[in-house]
Amino acid sequence: MLDHRQVRENPTLIEKGLIRRGIKVDLTSLKLDSQKLNQIEQQRNQLQAEGNEVGKEVGKKIKDGINPNSEEITLLRNKGNEIKKKVNLLEEEEKELAKLIQEQILHLPNIPDLSCPNGNDESDNLQIRTWGNTLRGEGYKEHWEIAENLGLIDTDRSVRIAKSRFVTLFNQGARLERSLINFMLDIHTSKGYTEVLPPALVNTASLQGSGQLPKFSDESFRCSEDDLWLTPTAEVPLTSLHRDEIIPHEKLPIKYVAYSPCFRREAGSYGRDTRGLIRLHQFNKVELYWFVHPDKSKDAHEEITSDAESILKALELPYRVIQLCTGDLGFSASCTYDLEVWLPGANTFREISSSSICDDFQARRSSIRTKSGKKTQLVHTLNASGLAIGRTMAAILENGQQPDGSVTLPEALVPYFGDKQLKPAK
RNA sequence: GGAGAGGUGGCUGAGUGGUUGAAAGCGGCUCCCUGCUAAGGAGUUACAGGAGGCAACUCCUGUCGAGGGUUCGAAUCCCUCCCUCUCCGCCA
């Protein structure tokens, strides 16, 4: 959420920032509303002060022995009543206006960072660096084919259980998924991350706090009976872990790593990535999340990104780092690096992690602050996948595939998986 | 699901209509004192919004789970909702 004071005092700055995202808004009316709200607030404040004086006076007089039914008291009571009427009217107006303003501000995305390259869509994204040798050539199979041949997944039966875009893992597939989760959690916790296993269902306030609501309600599954939602990413519960808190500055930075299942409706993606493990309604993910002092968030972004990269390196998976342009940036982010893993079967790079800095955008929505001395200020938040498990498995299958149909696993994973390769079940 | 209890400041916990944003204790911070010392004393210690100085401050308003109501005046009375705890039932 953007600062409504900034909307009031410097709307052009916001307008310019949003134009970089390709969003053209005129904040003039919002600014006027905000000023009006400010004015009403002041009027109401003044009236309330008067009313409080009357109340005190009555109390004092009655205490001093003046008859509560005397004319003197009655006059004061009438005065108080009049003030109250006025206050009520103002309050009504104020509430409506505040709601109107809030609704509009909640729909505005974060302002892109100055370092974020301008652009319209993903074709304008910048490649920052690459790592590893990208296997290229004929004859590489796509991961779903490898997985089906090895008996790791069964798509048809998953449709029977749920619907399309769900997957069921079997045997070595299920085991591989499990070992990847453990592997990633171990690496991150060894670097000082605190492991968290959050609820998979979250309330509306949590979703709004991290920026998924109100704008993207189509993207999440909802349990309407209970007003709860299935988490689209652990970023949501992790943000809300400290919602409405003031974190002492000496406790920052706070670094969390969480495994969670993630649920996304994938509305509007019909026909894309229909096979395999790339785009599912339910997938597993290990997520990194930082709360940092606002002065330190820039460095933190590089660090959290490299923490995510370290998994790819450990798994010997070639990848590249892309900086998203302004037009491709997510709602809450001001700057994002995507890590894209190489898939030789698909002959393409695929996003496997997204590493974003949100500045104080989520912190303001969630009211997460830090205090040093008398100064209270909003913290900055960062998140990065570390990594998406399903896509990691796809990358391992495609990069480790052998001519005989088996898959050689990365060495670092062997202690977790318990075997060096995947072979067809007999 | 049934029955009951309760939600007050960082914590414990008073407070049932009138300068109570809130006693007391603990904790935190600041200063002082000091051979009865793993002690003593004094002070201070919520958040938000707004006005002014536009900096260290001063003032106003709101906030005792949330929202509404009664009243000149509510933490205190009434209504609705949310949440927590205990017991029973069910259950991994």
Side-chain angles (χ1 to χ4, degrees), chain A residues 1-10 30-103 105-106 197 199-209 222-229 237 240-252 254 261 360 363-379:
Chain A
M1 181 167 64
L2 302 172
D3 189 353
H4 75 273
R5 257 173 300 188
Q6 199 176 22
V7 172
R8 188 163 67 223
E9 282 155 21
N10 201 348
L30 191 60
K31 178 189 165 180
L32 289 176
D33 284 347
S34 178
Q35 282 171 341
K36 194 173 170 197
L37 180 68
N38 196 237
Q39 218 178 331
I40 293 172
E41 258 169 19
Q42 279 181 54
Q43 277 177 40
R44 196 212 60 212
N45 264 1
Q46 219 165 3
L47 278 173
Q48 279 175 327
E50 277 176 49
N52 287 344
E53 276 310 309
V54 173
K56 275 183 198 167
E57 220 174 309
V58 173
K60 216 179 273 174
K61 294 203 170 177
I62 290 175
K63 220 174 197 179
D64 289 349
I66 293 176
N67 186 345
N69 295 318
S70 68
E71 198 175 328
E72 196 180 349
I73 300 289
T74 308
L75 268 171
L76 281 172
R77 279 216 289 254
N78 289 343
K79 191 178 172 191
N81 264 326
E82 257 173 62
I83 292 171
K84 192 164 59 172
K85 268 183 210 161
K86 285 186 199 165
V87 168
N88 282 342
L89 279 175
L90 282 177
E91 268 183 344
E92 220 168 289
E93 206 179 334
E94 187 183 338
K95 214 181 269 180
E96 238 168 87
L97 200 55
K99 197 178 157 195
L100 192 81
I101 291 168
Q102 176 80 347
E103 268 170 17
I105 289 185
L106 279 175
L197 191 59
L201 269 64
V202 296
N203 55 34
T204 299
S206 296
L207 229 34
Q208 185 174 97
R222 181 174 190 182
C223 312
S224 53
E225 288 285 300
D226 301 286
D227 195 26
L228 289 167
W229 308 69
S240 275
L241 220 45
H242 292 287
R243 183 150 45 85
D244 297 320
E245 265 186 44
I246 295 177
I247 304 169
H249 71 281
E250 66 270 14
K251 293 213 170 148
L252 298 175
I254 297 175
D360 61 13
R364 185 174 292 108
R365 284 178 165 242
S366 300
S367 185
I368 305 169
R369 291 158 296 171
T370 185
K371 194 171 188 176
S372 41
K374 283 198 170 177
K375 196 176 171 195
T376 309
Q377 54 188 332
L378 294 164
V379 300

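Remember, predicted model here, so these are calculated numbers, not experimental data. Worth knowing before you read on, the calculation uses all heavy atoms, side chains too, and leaves out hydrogens, waters and symmetry mates. Throughout, a chain's letter reflects where its sequence line sits, starting with A, and its residues are numbered from 1.
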Go through [options] for me and flag the one nearest to the [X] side chain.
X: A:R5; options: B:C72, B:U19, B:G50; value: B:G50
X: A:A49; options: B:G50, B:C72, B:C60; value: B:C60
X: A:N45; options: B:G50, B:U61, B:A48; value: B:U61

Take atom [atom1] in [N] and the same atom in [M], then report the distance between them in whole Å.
N: B:U58; M: B:C54; atom1: P; answer: 15 Å
N: B:G7; M: B:U16; atom1: P; answer: 13 Å
N: B:C26; M: B:U19; atom1: C1'; answer: 29 Å
N: B:U8; M: B:A23; atom1: P; answer: 16 Å
N: B:G4; M: B:G9; atom1: P; answer: 27 Å
N: B:C77; M: B:G18; atom1: C1'; answer: 15 Å
N: B:C31; M: B:U12; atom1: P; answer: 30 Å
N: B:A22; M: B:G17; atom1: C1'; answer: 15 Å

Side chains of [X] and [Y]: does their closest heavy-atom pair fall under 4.5 Å?
X: A:E93; Y: A:L90; result: yes
X: A:E41; Y: A:L37; result: yes
X: A:I254; Y: A:H242; result: yes
X: A:M1; Y: A:Q208; result: no
X: A:V87; Y: A:K84; result: no
X: A:I101; Y: A:L30; result: yes

[X] [atom1]: over 12 foreign heavy atoms closer than 6.0 Å:
X: A:Q46; atom1: CD; answer: no
X: A:E250; atom1: CD; answer: yes
X: A:E245; atom1: CD; answer: yes
X: A:E91; atom1: CD; answer: yes

Let me know the distance between [atom1] of [X] and [atom2] of [N], rounded to the nearest Å.
X: A:I40; N: B:G50; atom1: CD1; atom2: C1'; answer: 14 Å
X: A:D226; N: B:C82; atom1: CG; atom2: C1'; answer: 14 Å
X: A:K85; N: B:G73; atom1: NZ; atom2: P; answer: 12 Å
X: A:K56; N: B:A74; atom1: NZ; atom2: P; answer: 12 Å
X: A:Q48; N: B:G49; atom1: CD; atom2: C1'; answer: 12 Å
X: A:E94; N: B:U61; atom1: CD; atom2: P; answer: 15 Å
X: A:Q39; N: B:A51; atom1: CD; atom2: P; answer: 11 Å
X: A:I73; N: B:G73; atom1: CD1; atom2: C1'; answer: 12 Å

Inset, instruction - Toss me the dot-bracket line for RNA chain B: Watson-Crick and G-U wobble, both under 3.5 Å, 5' to 3', using | for pairs to another strand and [ ] for crossers. - result: ((((((((.[[[..)..(.....]]]((((((.......))))))(((((((....))))))).[[[[[..)....]]]]])))))))....

Measure the spacing between [atom1] of [X] and [atom2] of [Y] and express it to the nearest 0.5 Å.
X: A:L207; Y: A:R365; atom1: CG; atom2: CZ; result: 10.0 Å
X: A:K56; Y: A:L76; atom1: NZ; atom2: CG; result: 14.5 Å
X: A:I83; Y: A:E50; atom1: CD1; atom2: CD; result: 5.0 Å

Legend entry - Which residues share a side chain to side chain donor-acceptor pair (under 3.5 Å) with A:R243, sequence neighbours left out: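 If we apply the side chain to side chain donor-acceptor pair (under 3.5 Å) test to A:R243, skipping adjacent residues, the hits are A:S206, A:S240.
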
Inset, instruction - Output all residues satisfying side-chain contact (heavy atoms from CB on, under 4.5 Å) with A:Q35, sequence neighbours left out; order by chain, then residue number. - result: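 Applying side-chain contact (heavy atoms from CB on, under 4.5 Å) to A:Q35 gives A:R8, A:K31, A:L32.
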
Inset, instruction - Return the 5'-most residue of the pair A:N52, A:E41 with respect to RNA chain B, ranking by each residue's nearest nucleotide. - result: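 Nearest nucleotide further toward 5': that of A:E41.
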
Inset, instruction - Select from A:R369 and A:G80 the residue whose nearest nucleotide in RNA chain B is closer to the 5' end of that strand. - result: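 By nearest-heavy-atom nucleotide position, the 5'-most residue is A:R369.
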
Legend entry - Passing candidate, side-chain contact (heavy atoms from CB on, under 4.5 Å) with A:R369, options A:L378, A:D244, A:D360, A:I247: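 By the side-chain contact (heavy atoms from CB on, under 4.5 Å) criterion, A:R369 pairs with just one of A:L378, A:D244, A:D360, A:I247: A:L378.
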
Inset, instruction - Report which part of the nucleic acid A:R8 touches: base, sugar-phosphate, or nothing (heavy-atom distance under 4.0 Å, all strands). - result: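 Answer is sugar-phosphate: A:R8 comes under 4.0 Å of backbone atoms only.
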
Inset, instruction - Have a look at A:I62 and say if it touches a base, only the backbone sugar-phosphate, or nothing, with a 4.0 Å heavy-atom cut-off. - result: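 Answer is base: heavy atoms of A:I62 come under 4.0 Å of a base.
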
Please write out the pairs of protein N or O atoms and N or O atoms of nucleotides 78-81 of chain B separated by less than 3.5 Å, giving the distance to one decimal.
none

Can you check nucleotides 52-59 of chain B for protein contacts, nitrogen or oxygen pairs under 3.5 Å, and list what you find?
from	atom 1	to	atom 2	distance (Å)
B:C57	OP1	A:K374	NZ	3.4

Are there any protein N/O atoms within less than 3.5 Å of an N/O atom in nucleotides 67-71 of chain B, and if so, which ones and at what distance?
from	atom 1	to	atom 2	distance (Å)
B:G68	OP1	A:K95	NZ	2.1

Inset, instruction - Look at the side-chain N and O atoms of A:R44 and state whether any lies under 4.0 Å from the OP1 or OP2 oxygen of B:G50. - result: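 No.
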
